[in-house]
Amino acid sequence: MSVRRELHTPSRTIMTPGPVEADPRVLRVMGTPVVGQFDPAFTNIMNETMAMLRELFQTENRWAYPIDGTSRAGIEAVLASVIEPGDSVLIPIYGRFGLLLTEIAERYGAKVLTMECEWGKVFDPEDIIQEIQQARPKIVAMVHGETSTGRIHPLREIGEACQAYDALFIVDAVATVGGCEIKVDDWKIDAAIGGTQKCLSVPSGMAPITYNDRVADIIAKRKKVERGIATQADSTRLSGNRPIISNYFDLSQLEDYWSERRLNHHTEATSMLYALREGVRLVLEEGLEERFERHRVHEQALQTGIKGMGLELFGDESCKMPVVTCVQIPEGIDGESVRNMLLTQFGIEIASSFGPLAGKIWRIGTMGYSCRKENVLFVLAGLEAVLLRHGAAIEAGKALQEVLHFYEETETKAVL
Ligand SMILES: *Cc1c(COP(=O)(O)O)cnc(C)c1O
């Protein structure tokens with residue numbers, strides 16, 4: 001095989017919790033010619049994207065813009081700009097991405113206090129609130145939709161408690177934004193980080209973030225005045241006084257770039273910004289409520305099929321994430337062999353999981369552009385065929401008939 005051969009990628013049906021299939025309209029705008037980053041034509045696209053991101057996050061925040069880098073770049077930018085060494089950060093962990101928050105917060109010198117619950121469940125918000133009352137952390141950071149376990153966490157009460165006890169509430173909404181309801185202002189979230197390659201159906205490589213004035217005030221106080229002189233600290237508890245350690249993730253510099261000042265920081269990732277703008281535009285064109293409903297309908301269809309095959313879902317049903325369905329790998333079946341056959345024979349990708357769940361569950365995503373009827377039917381048909389091939393005791397064809405029936409019923413109710 002010659003490397004000089006033109007790039008070729010296979011055709012795939014991606015039913016993982018990300019990256020998912022990019023919307024063809026997103027891929028199309030990525031081929032749009034590059035314009036300079038200070039060209040008014042481009043700064044106008046920046047402004048349009050910020051305005052649409054506010055709608056996406058359901059916020060009036062002044063600051064809503066993307067960080068160049070994958071989703072964790074957005075998480076790191078927010079944490080790096082807010083955490084000063086010695087700050088206390090409470091992190092309730094219910095899966096892998098809570099561990100990521102911990103790891104990043106610790107690197108920036110935070111005194112991290114964690115709470116943990118069994119993977120597959122979420123916390124009783126009251127337990128978290130009690131911990132906030134007792135520990136009085138400066139920051140509470142947690143994940144909204146934990147893709148590793150397929151659980152979604154209620155946030156509203158925690159946001160209210162954070163405000164009452166003067167803590168900042170930082171939320172990883174990477175996997176939920178554009179697929180599940182997330183109301184930044186209403187739920188009193190001080191900073192939220194979204195992802196592109198999950199429910200927005202944009203390739204990986206950018207992380208939209210938003211934050212309010214409580215966060216912006218800290219950032220402003222940590223700003224280096226021109227070259228290297230820190231501003232005076234003031235006496236309020238949430239004030240910052242030490243300059244932000246990172247250059248790339250210094251949100252005060254990024255504000256200067258994304259505001260009318262247009263001060264140079266990095267070179268904006270032109271084609272990714274086109275892609276993000278189109279991805280968010282498509283979400284808003286579909287309508288937030290309509291889009292969340294579409295995700296719920298296909299989730300229902302997928303669950304009908306999984307149960308119809310006699311497979312069991314993993315995790316507490318009451319906090320199931322609508323865009324990720326976790327399935328227990330049946331006794332005696334090699335989960336990796338099934339995934340492999342799905343990929344090689346059908347071109348379908350589903351995911352395994354991490355840590356305590358490795359080898360125990362498959363995770364099937366229904367996110368963004370991947371969340372379509374033909375994809376749901378195809379993954380179920382493929383899974384059934386492959387499981388039969390692996391000797392599973394399944395009544396062939398029954399599940400798919402039930403799913404077709406479900407779709408017919410739903411379509412007559414004119415939901416789709
Ligand atoms: C995917 C994911 C991330 C990490 O995203 P990267 O783009 O890989 O950096 C963080 N948090 C959650 C909840 C995710 O699902």
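Counting starts at 1 for both ligands and their atoms, following the listed order.
Of the options Gln134, Glu160, Gln133, a side-chain hydrogen bond (donor to acceptor under 3.5 Å, both in side chains) to Tyr165 is made by Gln133 and by none of the others.
Every heavy atom of His144 sits 4.0 Å or more from the atoms of ligand 1. Heavy-atom distances between Glu146 and ligand 1 stay at or above 4.0 Å for every pair. Taking a 4.0 Å cut-off on heavy atoms, Gly145 registers as neighbouring ligand 1.
Counting only heavy atoms of the protein, atom 11 (N) of ligand 1 lies nearest to Asp172 OD2, 2.7 Å. With respect to atom 5 (O) of ligand 1, the closest heavy atom belonging to the protein is Ser71 CB, 3.2 Å. Distance from atom 9 (O) of ligand 1 to its nearest protein heavy atom, with residue and atom name: Thr70 OG1, 2.7 Å. Atom 10 (C) of ligand 1 has as its closest protein heavy atom Phe97 CD2, 3.3 Å.
Close contacts between ligand 1 and Arg72 involve ligand atoms 6 (P), 8 (O), 9 (O) [criterion: under 4.0 Å to a heavy atom]. Residue contact check: Thr147 has heavy atoms under 4.0 Å from atoms 13 (C), 14 (C), 15 (O) of ligand 1. Per-residue contacts place Ala175 under 4.0 angstrom from the following atoms of ligand 1 (heavy atoms of the residue considered): 15 (O). Of all atoms in ligand 1, numbered sequentially from 1 with element shown, those under 4.0 Å from a heavy atom of Lys198 are 1 (C), 2 (C), 3 (C), 14 (C), 15 (O). Atoms of ligand 1 found under 4.0 Å from any heavy atom of Gln197, numbered from 1 in the order shown, are 6 (P), 7 (O), 8 (O).
In plain terms, the two heavy atoms of Thr149 and Gly95 that are nearest each other are CG2-CA, 4.1 Å. For the residue pair Phe123 and Pro92, the shortest heavy atom distance occurs at CE1-CB, 3.5 Å. Contact record, Thr366 with Met15: CG2-CE, 4.1 Å, taken as the closest heavy-atom pair.
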Can Met272 and Asp68 be said to form a side chain to side chain contact (heavy atoms under 4.5 Å, CB included), step by step?
CA-CA 8 Å; Met272 273 307 296; Asp68 293 344; 5.7 Å; no
Between Lys373 and Val297, is a side chain to side chain contact (heavy atoms under 4.5 Å, CB included) present by the stated rule, with each step listed?
CA-CA 9 Å; Lys373 180 165 77 172; Val297 166; over 6 Å; no
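Close placement of the Tyr407 and His298 rings is indicated, their centers lying within 6.0 Å of each other. The aromatic ring centres of Trp258 and His265 sit 6.0 Å or more apart.
By the 3.5 Å distance cut-off applied to N or O atoms, Ser204 is not counted among the residues near ligand 1.
Heavy-atom contacts from other residues, nucleotides or ligands closer than 6.0 Å to CZ of Arg107 number 12 or fewer.
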